[in-house]
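Just so it is clear, the model here is predicted, and its values are computed rather than measured. Below, each value reflects all heavy atoms present in this structure, side chains not excepted, and no hydrogens, waters or symmetry copies. Just so it is clear: chains get the letters A, B, ... in the order the sequence lines come, proteins before strands, and each one is counted from 1.
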2 protein chains.
Amino acid sequence: MLNGKANKYRISEKTVKLITEEANSRNYKPSLLAKGLRTQKTNTIGLLVPGIDNPYFANIASTVISETSRLGYTTVLVDTMGAPDLERAGVESLVSRMVDGIIVVPSGQEPDALESIDRNRTPVVLIDRYFEPTALPYVTTNNYEGGLNATKYLIGFGHRDILCIRGVPHSMPARERERGYLDALREAGLEDRARIAGNDFSIQNGYLETKFALSGSARPTAIFAMSNTILLGTIKAIKESGLRIPDDISVVSFDNYTYLDYLDPAITRVSQRISEMGALAVKILLQRIEGTGNDDAKIQLSPQLIVCNSVAHAHGEK
Amino acid sequence: MLNGKANKYRISEKTVKLITEEANSRNYKPSLLAKGLRTQKTNTIGLLVPGIDNPYFANIASTVISETSRLGYTTVLVDTMGAPDLERAGVESLVSRMVDGIIVVPSGQEPDALESIDRNRTPVVLIDRYFEPTALPYVTTNNYEGGLNATKYLIGFGHRDILCIRGVPHSMPARERERGYLDALREAGLEDRARIAGNDFSIQNGYLETKFALSGSARPTAIFAMSNTILLGTIKAIKESGLRIPDDISVVSFDNYTYLDYLDPAITRVSQRISEMGALAVKILLQRIEGTGNDDAKIQLSPQLIVCNSVAHAHGEK
DNA sequence: CTGAAAGCGCTAACAC
DNA sequence: GTGTTAGCGCTTTCAG
């Protein structure tokens, strides 16, 4: 009754005022739980990310949370640790809590579970990653373009031996960045020199792959790190080997992050438009929840190359 | 009925099996909403932080989320942006969602609202910050010790002109770190040289205060930055001025963070025990929720000084 | 052992 | 204009 529908039911103003005052004085708060149970609408959405500790996902969470809260929704955050079973459990818990919708950075390879949730009246929107043949709407970076441009940029500085250190191989971002990398090489007639290694978006992976690459005789003159985490490992390994960036080896990374400007040298990177991505995912989800418009938005945002000082001209030919 | 209380009610095994199978085949999921309404227990806790974008708070959130989920609870994360009114609104929303308890990094100066929530059957535990005279349990770093040791460390390198760049002045961590700073100077007979500036845990604040300090004639030989954000601003200003760390000016920061190892030089800092802090806050909260033990735990964790390369001996006396 | 019924706090429909 | 009631899906009590 205290929900602003007074004039809809044509209750007298006096009564409204009386009740409102009494309610305030006793500091009454309606139970959103009961309300949700009754109306089948909780004004809550679920957000699942594989590691809130990763600044990239923290950024996504930050924009999603502030955007939903601006629009009158609450966000329940679940950290899936990148584990498909935790993701599944998280989704189920959210559904049985009757969230109105779900935004998820999917970790698994199988869209089935999420698609079935989506069909069962809880709209799902993918963010950052998506599945190849999927009915689910998504918002992601144009990772192909990112990989292409990063590699072209390196080639433009005369690099011909460019190591690409990859994240989780089956994930769409990794696949697309890799495809961009390969196409850039191909355009330059360097396809024979392609060198792709690694299998995880982690510091450890960046470290090991770089260490390995630097130990061999055919040392790359540039490295394309597919994420900020991989980058850190790469930098560590490079430092340990006594080489300097960019004089001895050039580096380009993915992901934008304040700290990258403070490294020495500041790291040239492909920046994703995170706040736009978050805002769009929320917008699409709420539209679907509220039943207006566009049920299958599939959006790719163009990344931006942020040029810093981690790339120099390749020295000699091998 | 499908809650494992079968033998408590002595239901026949056959029936149980039958129902269970049927439930699974139809893929039945109990409504946690209805359950919560009925039992007044939602197995959900609320977590409020002032900015999930800040790696420090992202770390806290990460440990709190993984710890609660390990113990069978779900976490609802609210980003208060450091605004007391958003915090209040967030807390109210959580309460009316019947969360079983709340963990909060409080932004305001007034404990009243939170204390009243706590008295009204929703236990509240403070983390990172707390209020001076409060009944609310808290877990925090021994910030006094952190400020003391950071400053002593600098003094040990012969520094006598140490600028302390402060975060939000009324917040307990800032006050305690400041007190530690002052006591360290006093012990060394340097109390006349105390220099405290700034009023926010932000890059901007660090930048401006450093810029200002470097522009004057009485340039400090060392800076104690009270947070990782302040530190970034400080570094930027130092770089712009053409000075080098640590040769021309030494720097010590607060907060541990992977990236600090990758800056050049790596930054000596006072590291807080975030995972212990998060785990303890969860433990205390769940104990209070489940009615066992210790209603007013007030815990301070000793920080650790992580020594890197951002401090050198002071050159000459002024 | 099993079935029926009350009630958590709310909203929407319907009677007054 | 206003008061009453059913029912959201669950748990728990009480009869059978």
Less than 4.5 Å apart, any side-chain heavy atom of A:Val104 and any of A:Leu47? no

Given B:Lys41, B:Arg121, B:Arg288, the one that forms side chain to side chain donor-acceptor pair (under 3.5 Å) with B:Asp100: B:Lys41

Rounded to 10°, tell me the angle between the two end axes of the helix from C:dC1-D:dG16 to C:dC16-D:dG1, each built from five pairs. 60°

Side chain of B:Arg38: nearest nucleotide among C:dG9, D:dC10, C:dT11? D:dC10

For the side chain of A:Ala34, counting heavy atoms from C-beta on, which of C:dC10, D:dC10, D:dC8 is nearest? C:dC10

Here the distance between atom P of D:dG9 and atom CZ of A:Arg97, to the nearest Å, is 17 Å

Check: A:Tyr257/A:Asn59 side-chain N/O donor and acceptor closer than 3.5 Å: no

With respect to the phosphate group of D:dT11, does any side-chain polar atom (N or O) of B:Gln40 fall under 4.0 Å of OP1 or OP2? no

Return the value, rounded to whole Å, for the distance between atom NZ of A:Lys29 and atom P of C:dG9. 16 Å

Counting neighbours of CD on B:Gln204 that are heavy atoms of other residues, nucleotides or ligands and sit closer than 6.0 Å, is the number greater than 12? no

With no hydrogens and no angle check, just 3.5 Å: does a side-chain donor-acceptor pair link A:Asp200 and A:Asn205? no

Length of the CG-C1' vector between B:Leu37 and C:dG7, whole Å: 9 Å

Atom pair distance, as rounded to whole Å: CG in B:Leu33 and C1' in D:dG9: 9 Å

Between B:Met98 (CE) and D:dT11 (C1'), how many Å, whole number? 13 Å

Round to a whole Å and report the spacing from NZ of A:Lys41 to C1' of C:dG9. 19 Å

Heavy-atom count around B:Lys283 NZ within 6.0 Å, excluding the residue itself: above 12? no

